[in-house]
Amino acid sequence: MYVEGCHDCPVRGKKVGSRGNPKAGLVYVGESPGVEELRDGEPFIGPSGKLLWVSTPGGDSPEILTTNAMCCRIPGKADENPRLKALKHKASITCSGRLLDEIKAHPRRVIVALGNYALWALTGNYNFKISQVRGKIIPSQYATIGIIPVMHPAALLRGTGNLRQFRRDIAYAHHLANGGAPYQPIEPRYEVFGTPQAVAKAVKDLINQPLISCDVETTGFNSRTDKIIDLGLAYNPEFVYLFPAEVIPHLQRLFALSRSRWLYHNGKFDVQFLRKAGLKARVDEDTLLLSYALDEQKGVHDLETIAGDLFDAPDYKHLVRPYLGKGRTYADIPKGVLYKYRLAPDVSYTLQAFRQLREQVRADVHLEKLYTKTLIPASDLLSYVETHGLYVNQDQVNTNQEVFEGRLAELLTQIKAIGGENFNPNSTYDVAELLFDKMRLPRKRGRSTDKKVLAKLPQKPIIKLIQEHRKVAKALSTYVYAIRDASAHDGRVHATYLIHGTRTGRLSSNEPNLQNIPRAKEQRSMFMAPPGKVLMEVDLNQAELRSLAALSNDAFLCSVYNDPAGVSIHDRVAIKFWGANFTPEDKMKAKNVNFGIVYGITSTGLVEQIGGSKQEAQGFIDMWFDNAPEAHTFIKKCRSAPVRGVTLITAFGRKKRHMIVTRENLHELQNEASNFPHQSIASDITLHAAIRVRRRLIKLNAHIVNLIHDSMLIEMPNNPYVIAAVGKTVITEMQQVPRDWGITRVPFKAEAKVGTRWGYLTDDAYKAALRDSHMTA
DNA sequence: TGGTTTAGCCC
DNA sequence: GTACGGGCTAAACCAT
């Protein structure tokens, strides 16, 4: 094959042409051939091709014309290397004539552009980004229906993109090529109900509807300081009722009395604003949580993405964006624009998405259980935890600020005396230059200067200074300034807990993250109980190891946790390793192995913690598993799930699906899989316990103020009766939840600590309260 | 201004 | 040569 464009082409290598029916109505256009394609002279027969064909309805078919934007191979590193990138760009331009000639030779219905280069060559528009336009019909002179941009399968194999979306996009192209109608969102009509009389009329329409979709637009993300601008409701996606903020009080009756099921997209956010405005809002259905139940990957659950995927809803962001920018809020958007392009579509799209997603969840018994029994109740729990917030000890924050700022200034002076006036210890570039170029210290792992590397370098004064500087700088920026600023409004921090933040079912926390506060007493004590109250922390004891024991039914682990004498697992393992006369150091090592096991630790990782040789560490790991063979088998079975194409499912209905397995990511997927079940179960036990106890605690004026994977923090009056009642309630439920969910082979154990400052909670204080209340533990 | 990399904190 | 699961934030750096 030789065409005129090849004269100007900078590559001029061996060429790979097209395959399939030259007259096909459906064309796949890829980027450039890979190694396998070059060898066999056909496009899409390597790993990318395999993924493409398994994602194609009906599989590999000669009725599809398959070709590439470039017919020569461009080395895979081209996107990182500027010289190669320029070459690739030039090649794609010179080759586009050949591509378009081939396409134009016969009438086409649909062209699938796989990746940016295919899209650019087909449209001539280099501003397109595949990640932004994928799955949308782009009109084209070359195809009657148009171009459907889709992520390149190679990108998915590298770990970017989302397989569900990829499959849906390909299926959509086939649907269109086979004469199917384009997905068409319903664009709702809307009306503003701005007077009490108008509201009364709207309420009459709405109050007996079985399902109402609700959304609010606000001036910001903080329900304490920001305000609702407008509220939208709909029971039919064709029509949205809009209510300006000033008439919202007139909706009280609707929210309080309606028997409707209330639908939101991330209702945890909306209901906090609505409750502040005096409405009895509740979340019965939630499209964000439905989407997460169906796909535990992150980054695909915002309403724009869902509506775009399900019915090709237009992206109106660009129409709203010009009115935003620094210092401006949604209140600065003209009402007409806000209603037409934001509020009305959001309310209607939520309803439209719900119809599809709810059915998909209902069709799967595990997901139905997860959604109704865990995700929706968690939304209710967390909207309350977020609103209540965690009290901040401003004195401790101020003290920490003074101490850390003072120390940081000292350190900086000393560091600059060695590194020079312009030396910035926060800059990894500066640190690497000083250590490896000027001081000629030995390099490890490239030019990394992280904690472990510094610890292994010869202990020069500058290294000690940099180590301490990093610690103090972190303490100051992340854990003093952020907490100080976040609590400036009402003396509390109100973190946001994401239900969909992890692939295991753990919660995540942000702004601020209350799940990674340093354990140092003076830092944890930035959080405390307000005057007259105390904090209680209730922890699950070794939750993940107990989960592993229960799931694997391992004889050794089960005997440890069912042991009436209560000899700890660390002691039991130490005895197995060293006999009855083990030393305290031995016990420490045993503890590290025990905790490492649940994370799938390797000998290298274990050496980092306990020292010694790699062989010795491997010996401990082997011995541990020899001693717990059923646990070993269970973990191995989980590890092999990605290769076997098996989806892991927990008792709570959490799933770990294995979408794309490649040689590169296999190891990572196996590690995730082996960790998933016990991590997931441990956090669900905590979450369910919190859901169960919340209302009972409120009657005692006790409030959950933080949740950290296997523990919860509770604020309550400093009264022994209350403390004892709360402790008993929470401990009982944390221990009962696993039994109720069929996790019965080992008991779970919860423990309570009490005090005024988070850094100084003790079990003695809890026991004292039990004594004082004349109750027994 | 926004995205990526490197670092450090937690369970 | 191979690092151990799940997260979030800040600062520097680099591209646009």
Legend entry - Nearest-Å distance for atom pair CZ/C1', residues A:F595 and C:dG6: 16 Å
Legend entry - Nearest-angstrom distance, P atom, C:dG1 to B:dG8: 24 Å
Just distance, no hydrogens or angles: give the donor-acceptor pairs under 3.5 Å from side chains in residues 401-411 of chain A, sequence neighbours left out.
unit_1: A:Q401; atom_1: OE1; unit_2: A:R484; atom_2: NH1; d: 3.4
unit_1: A:Q401; atom_1: NE2; unit_2: A:E405; atom_2: OE2; d: 3.2
unit_1: A:E405; atom_1: OE2; unit_2: A:Y481; atom_2: OH; d: 2.5
unit_1: A:R407; atom_1: NE; unit_2: A:E468; atom_2: OE2; d: 2.6
unit_1: A:R407; atom_1: NH1; unit_2: A:E410; atom_2: OE1; d: 2.7
unit_1: A:R407; atom_1: NH2; unit_2: A:E468; atom_2: OE1; d: 2.8
unit_1: A:R407; atom_1: NH2; unit_2: A:E468; atom_2: OE2; d: 3.4

Legend entry - With sequence neighbours excluded, residues passing salt bridge (charged side-chain N to carboxylate O under 4.0 Å, His left out) with A:E664: none
Legend entry - Whole-Å gap separating C1' (C:dA11) and CD1 (A:I466): 16 Å
Inset, instruction - Decide yes or no for A:F221 and A:E511: does some side-chain heavy atom of the first lie under 4.5 Å from some side-chain heavy atom of the second? - result: no
Inset, instruction - Applying salt bridge (charged side-chain N to carboxylate O under 4.0 Å, His left out), name anything that partners A:E608, two or more places apart in sequence or on another chain. - result: A:K456
Inset, instruction - Identify, with sequence neighbours excluded, every residue that meets salt bridge (charged side-chain N to carboxylate O under 4.0 Å, His left out) alongside A:R470. - result: none
Legend entry - Base-contact (B) and sugar-phosphate-only (S) positions in nucleotides 3-11 of chain B, heavy-atom cut-off under 4.0 Å, - elsewhere: ---SSBBSB
Inset, instruction - List for me each residue that meets salt bridge (charged side-chain N to carboxylate O under 4.0 Å, His left out) alongside A:R506, sequence neighbours excluded, and say none if there are none. - result: A:E544
Legend entry - Atom-to-atom span, CG of A:N426 to P of C:dA10 - whole angstrom: 13 Å
Legend entry - Gap between atoms CG and P, on A:N675 and C:dA3 respectively (whole Å): 16 Å
Inset, instruction - Identify whether any heavy atom of A:S509 sits under 4.0 Å from a base atom; if not, whether one sits that close to sugar-phosphate; answer base, sugar-phosphate or nothing. - result: sugar-phosphate
Inset, instruction - Assign A:Q609 to base, sugar-phosphate, or nothing according to its heavy-atom contacts below 4.0 angstrom with the strands shown. - result: base
Inset, instruction - Quickly work out the A:E668 CD to C:dG7 P distance and round it to whole Å. - result: 11 Å
Inset, instruction - In whole angstrom, give the distance that lies between atom CZ of A:R484 and atom P of C:dA10. - result: 12 Å
Inset, instruction - Could you check whether A:F676 gets within reach of a base, just the sugar-phosphate, or nothing at all, counting any heavy atom under 4.0 Å? - result: nothing
